[in-house]
Amino acid sequence: RQRVGVSMTILRLHPLEGSSLLVLAVMLGLPAVGAHCSGEGFPNRQCRTGCDSNSYSPAPRVDTVQTTPGLLDFPMGVAVSPGGEFALISMFGSHSIVKMDLAAPSLASILAGGSAGFADGQGNNAQFNSPLGMCITPDGSKALVAEYRNNRVRVVDTNTGDVTTLAGSDPGYEDSTVGTSAGFKGPADVQTSKDGLRAYVADGGNHKIRSIDLLTGEVTTLCGSYNGTAGDVDGVGTHARFFSPRGLALTSDGTKLLVTDRNNNKIRLVDLYTRQVTTVAGSGASGFADGTGTEALFLHPRHIFTIAGRGQGHGEDQAVITDGDNHRIRTLDLNTGMVSTFAGSSTIGDRDGATADATFNFPRGLARIPGSSMALVADSRNNKIRILSSGACTQCVTGGETCTQCPAGTSKVRPADTFCTECIKGGDTCTLCPP
């Protein structure tokens, strides 16, 4: 079987990270941030303060992506294609999947759905009912969508918008060798294995993690109570207990699965070989506190992604988490267990700017843009997609930590910028360049 599997002056930023990312960065007035320090880069204080003499570190910040006016309606899930060309966004309010070309985000449009119901089909002939988390298959051709109120996992062709049903039917908890005979209850997120042969589902209402064989369609329970009993217990397989798991992310080696255990206010780790479930952060109490392991407090953590080798020891992954009801973006170092706040505060708002000043309104889905130090966040109640820029070390054009001296034919995009860009056409934003 087959696997389901604005007009502007054009500038060249250094280093180049791909055309889609480049255009998005220019539209936001950001550098196309590269990973000059070791690892692939998201927030890492050692990297930001340890740049060499030929690199600099732009300040981490949060900005709003300018999408099609009126299109976003309670965005909940975000997934970015493996090559970083486009993003898909699930709309809880309009029951649709939106496709956004990262080279032209203002031209985003509905790929599939648009009305509440259940129907397979193409484009607006398909219907969803409150889609939540999703992922894109490793080849970029399909998206898997956790459909909360239809209790199903759907498949969307990322080019044609054709929608089919992979698994689920009426609400239930049963496993099955036939995907559409299996029962789900409020599935909240889905993630494919590294080889693209299996999908893992956060079956929130059943308080367990499911596994779907993408070759056969068979659905099994990976861990958590088989019959849907909530709890807070570390253990192996069905002896473990969750309470409304919400977000999933694989570790970079593909051997473990991180789970945001929403109502337990914890981050859990599942070994995919042994099925052992452990707690890596959060005490179980609700609140807000940075700290190590169980010293940290969350308030309904939602979605999560990982980055290879970004722990302080550069050996373990770093996780980035939307701490939804705390209106913050948190990071978790899997080497030390340290939980830190990257952006946001207890103040609800939609302010862009430096991460310490930026505000959110119930952030939900998030996804890293591959090959970059940027990530997209679904800021649900602001009906916005925000972009996080981490401030990883970036190669200078002229050398020196601050890049204050731009060579002939180059300029700063903004007066306060500490990076130089090379002009191709000149224009208003490149005042020192030749016409």
Side-chain angles (χ1 to χ4, degrees), residues 6-8 10-11 13 17-33 42-43 58-81 83-94 96-111 133-134 136 143 158 302-303 305 320 322 324 327-329 342-344 349-355 357-392 413-414 429:
V6 208
S7 125
M8 67 182 75
I10 300 176
L11 304 174
L13 281 73
E17 291 288 337
S19 59
S20 296
L21 178 60
L22 170 64
V23 173
L24 182 61
V26 173
M27 293 179 76
L28 291 167
L30 294 171
V33 182
F42 202 69
R61 55 181 292 117
V62 177
D63 291 273
T64 297
V65 178
Q66 300 302 318
T67 59
T68 307
L71 181 66
L72 303 185
D73 187 359
F74 219 121
M76 293 293 278
V78 182
V80 179
S81 63
E85 302 91 350
F86 64 88
L88 298 182
I89 309 159
S90 63
M91 297 298 153
F92 197 81
S94 63
S96 63
I97 306 299
V98 163
K99 185 174 184 179
M100 182 177 74
D101 189 329
L102 294 186
S106 63
L107 301 179
S109 61
I110 292 176
L111 176 66
M134 59 184 170
I136 297 176
T158 60
R302 298 294 180 139
H303 290 260
F305 70 79
V320 183
T322 50
H327 316 288
R328 291 173 169 96
I329 311 300
F342 176 67
D350 65 348
R351 184 168 61 242
D352 290 339
T355 55
D357 301 322
T359 54
F360 299 88
N361 193 348
F362 292 94
R364 295 296 191 248
L366 82 169
R368 188 172 71 93
I369 301 174
S372 80
S373 298
M374 297 181 185
L376 301 178
V377 177
D379 193 358
S380 66
R381 298 195 185 179
N382 280 326
N383 292 314
K384 288 182 174 183
I385 297 298
R386 315 287 289 280
I387 188 165
L388 311 179
S389 175
S390 76
V413 176
R414 299 172 300 193
T429 61

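Sequential numbering from 1 along the given sequence is applied to the chain's residues.
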| Can you find a heavy atom in the side chain of M91 that is under 4.5 Å from one in the side chain of I97? |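 In short, these two side chains do not touch, never coming nearer than 4.5 Å.
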| Between V98 and L111, is any pair of side-chain heavy atoms under 4.5 Å apart? |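 They are not in side-chain contact.
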Shortest non-hydrogen contact between [X] and [Y], atoms and distance:
| X | Y | answer |
| --- | --- | --- |
| A108 | L71 | O-CD2, 3.4 Å |
| P75 | A378 | O-CB, 3.7 Å |
| A358 | G353 | CB-O, 4.3 Å |
| I89 | L72 | CD1-CD2, 4.5 Å |
| A87 | L376 | CB-CD1, 3.8 Å |

Could you check whether any side-chain N or O of [X] sits under 3.5 Å from a backbone N or O of [Y], counting only pairs where one atom can act as donor and the other as acceptor?
| X | Y | value |
| --- | --- | --- |
| T355 | A343 | no |
| T359 | D350 | yes |
| D101 | A103 | yes |
| K99 | S109 | no |
| R328 | T322 | no |
| T68 | S106 | yes |

| request: Applying side-chain contact (heavy atoms from CB on, under 4.5 Å), run through M100 and T67 and close with a yes or a no. | output: CA-CA 8 Å; M100 182 177 74; T67 59; 3.4 Å; yes
| salt_bridge(D63, R61) N-O dist < 4.0 Å |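 Yes.
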| said: Assess whether a salt bridge exists between D352 and R386, defined as any Lys/Arg side-chain N lying under 4.0 Å from an Asp/Glu carboxylate O. | reply: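 Yes.
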| task | Show your reasoning for whether side-chain contact (heavy atoms from CB on, under 4.5 Å) applies to L388 and V377. | result | CA-CA 8 Å; L388 311 179; V377 177; 3.7 Å; yes
| Step by step, would you call F86 with V80 a side-chain contact (heavy atoms from CB on, under 4.5 Å)? | CA-CA 6 Å; F86 64 88; V80 179; over 6 Å; no
| H327 and F362 aromatic ring geometry - parallel, tilted or perpendicular at 30°/60° bounds |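 F362 and H327: perpendicular rings.
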| request: Begin from the C-alpha positions of D379 and N361 and carry the test side-chain contact (heavy atoms from CB on, under 4.5 Å) through to its verdict. | output: CA-CA 6 Å; D379 193 358; N361 193 348; 4.0 Å; yes
